[in-house]
Amino acid sequence: MSKFTRRHFLGSMGALSAAGSVPGVLAATPGASGAMTEEITGIEKEATGFANPLRLPGSSGLFGVLPVSEFREVHVVRSEIEVLPGRRTPILAYAVESGGKKFLNPALLARRGDEMRVRLINRIDQPTVIHWHGLSVDSRNDGNGLTVVPPGRSMDYAFTLRDRSSMYWYHPHAHGYIPQQAYHGLASLLFVEDDDELALRKELDLALGDTEIPLVLQDREFDAQGRLRYAPTAAQSFGGWVGDRLLVNLTERPFIQAGRRIIRFRILNGSNARSYRLAFVQGGRRLGFFLTGTDGGLLAQPLRIDQTFISPGQRLDVLVDLREADPGMPVTLASLSFDPMHAEGGHDMGHASPAAPPMAGMDHGQRGATPAAELSTPMAMEGDARALMRIDLKPSAKYERRMPTVLSSLSAATAPANPPRRMQLGHNGKGNWTINGGVFDPKVAALSVQRGARETWLIENAERSMPHPMHLHGFSFRVIERLGSPTLVRELAGARGLLPQDQGVLDTVHVWPGESVRVAIDFAHPHAGDQDYVYHCHTLEHAEAGMMLRYTVKA
Ligand code: C2O
Ligand code: CU
Ligand code: CU
């Protein structure tokens, strides 16, 4: 029986009760506070000047949509595009030719079960390798950087796309080069589709690139010539590089036009270090919208929310019903203000009750001598209220589709009974971020797990720390519990401290300072022999500064 035939629909009353059944999930906020109204009005004002049409995935060129069956080679090249109007920006890109058409950073498309057979050809002067972020493939095809492709050389990938339908992504993973290469353009999307996905598109009449729009959020800094600037100081190499300009699909100050209907956004935070607090705003208030999927695909049912964080590496699948909006003015996709908690310097972080014990091996006395001390200086405005994109509402054909009640057969997460493995996040006072006190050594497997084991990992972030979006290669996981959250997170949480996003399948979980996050991981996979992967912070500078470990899945 297909998902489509047993799917039910609900009206607006039903949607509200579905949302109400999830504790802590907010409906729209008509009574937003005065300060919030003022902030949102400021964001909307900023967006009125946005005049660049959003780059959309077309049939060729930058972000062109390309089925994985239709190409056999991808070249890592230096290229040039126009990001700021009238300026040429040198970039690094994935270049593909297929059917007489040229693609840069193609948005790859696959059916679940398809085979990927592709040769990576490195035409730049640095080692590189493609990592397929979120896919569960064997170690060699994972592209985790344990082997890399030197300049002028190539590497063949061959694997089956077994993962749930979702929007995955691909980017470089040669340790020592990851932040620079990703920042200069090496990153794009990989869509895996299955029956649930096709049913959803059919029910809501969605078309990729039109009413279903991928949004790649990135922050960049440019010099006067329009060249990307990446020159982190010691403090930024430790804390993370945050650019002052916000780009969506490599478009600055973008806008789109949308009909009064349900529109789907597939959102990737492809920034090196910046998190966003996303909301759709109009007329001084936040609109309600539906979270329908996360890193690893569709939720069981849509959750009504009115804001959500997204950290580097993460993806969100959302549905916005623009029939709920006032047709007389645009809607703005915003990042609302928040405390980014770069609190190494020692100011108050607004905590609830700290549940995490102090970090073992963290030398408070020495912090003043580390780059961490410089983190209290402004970090290029992460956490500032900013407009990301304006959505102009246009008249459209009558649209009467309703929000589905069922999206997938995803079951509730359960935790194995065995005691958790602890993952303590901290730093060593010498400019390195650490996991369990260790700094990344690619030659040493810091831990091993048994293939087929079900484990609980308890990820504990230090009190005085930064948020860490912790990403696991090889396997996705479920979040079981979130304790010790800062106020700004706890306000959005429901039972067991879980955020709406925590209801989904994740490959990257954001762990705020002072938090203990319990996740359940099923280490079952079909790959014979020992397989080595990595586990790391997806703030790319943190991973480069040591916050990564190699682990082995024992056959
Ligand atoms: Cu998207 Cu190891 O990373
Ligand atoms: Cu990954
Ligand atoms: Cu980190």
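Remember, predicted model here, so these are calculated numbers, not experimental data. Just so you know, ligand 1 is whichever comes first in the structure, and atom 1 is the first atom listed for that ligand.
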Next item on the list: Indicate if the distance from the Cu ion (ligand 2) to the nearest N, O or S atom of H538 falls below 2.8 Å.
Entry: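 Not a single backbone or side-chain N, O or S atom of H538 is under 2.8 Å from the Cu ion (ligand 2).
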Note to self: Strictly under 2.8 Å, is the Cu ion (ligand 2) approached by any N, O or S atom of H131?
What the structure shows: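 H131 does place an N, O or S atom closer than 2.8 Å to the Cu ion (ligand 2).
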N, O or S from [X] under 2.8 Å to atom 2 (Cu) of ligand 1:
{"X": "H133", "value": "no"}
{"X": "H173", "value": "yes"}
{"X": "H536", "value": "yes"}

Note to self: Quick check for you: with the Cu ion (ligand 3) as the vertex, what angle do ND1 of H542 and SG of C537 span, to 10°?
What the structure shows: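 Seen from the Cu ion (ligand 3), ND1 and SG are separated by roughly 130°.
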Next item on the list: Check H468 and report its N/O/S atom nearest to the Cu ion (ligand 3), by atom name.
Entry: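 H468's closest N, O or S atom to the Cu ion (ligand 3) is named ND1.
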Margin query: Just to verify, which of H510, R478, R482 counts as forming a side-chain hydrogen bond (donor to acceptor under 3.5 Å, both in side chains) with D502?
Written below: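 Answer after filtering H510, R478, R482: R482.
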Item checked: No-hydrogen, no-angle side-chain donor-acceptor test under 3.5 Å, R266 and S166 ->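 Absent: no donor and acceptor within the cut-off.
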Item checked: Test log, rule salt bridge (Lys or Arg N to Asp or Glu O under 4.0 Å), inputs R421 and E455 -> CA-CA 7 Å; R421 205 186 271 275; E455 293 202 358; 2.7 Å; yes
Note to self: Is it true that, when you exclude R119 itself, more than 12 heavy atoms of the residues, nucleotides or ligands shown sit nearer than 6.0 Å to its CZ?
What the structure shows: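 No, CZ of R119 has 12 or fewer neighbouring heavy atoms, counting only those of other groups under 6.0 Å.
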Checklist line | Identified salt bridge (charged side-chain N to carboxylate O under 4.0 Å, His left out) counterpart of D219 within the set R386, R245, R274, R229 | finding: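 Only one of R386, R245, R274, R229 forms a salt bridge (charged side-chain N to carboxylate O under 4.0 Å, His left out) with D219, namely R274.
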Check: Yes or no on ring pair (Phe, Tyr, Trp, His ring centres under 6.0 Å) for Y183 and Y230, after CA distance, side-chain angles and deciding distance?
Finding: CA-CA 8 Å; Y183 185 84; Y230 184 80; 5.0 Å; yes
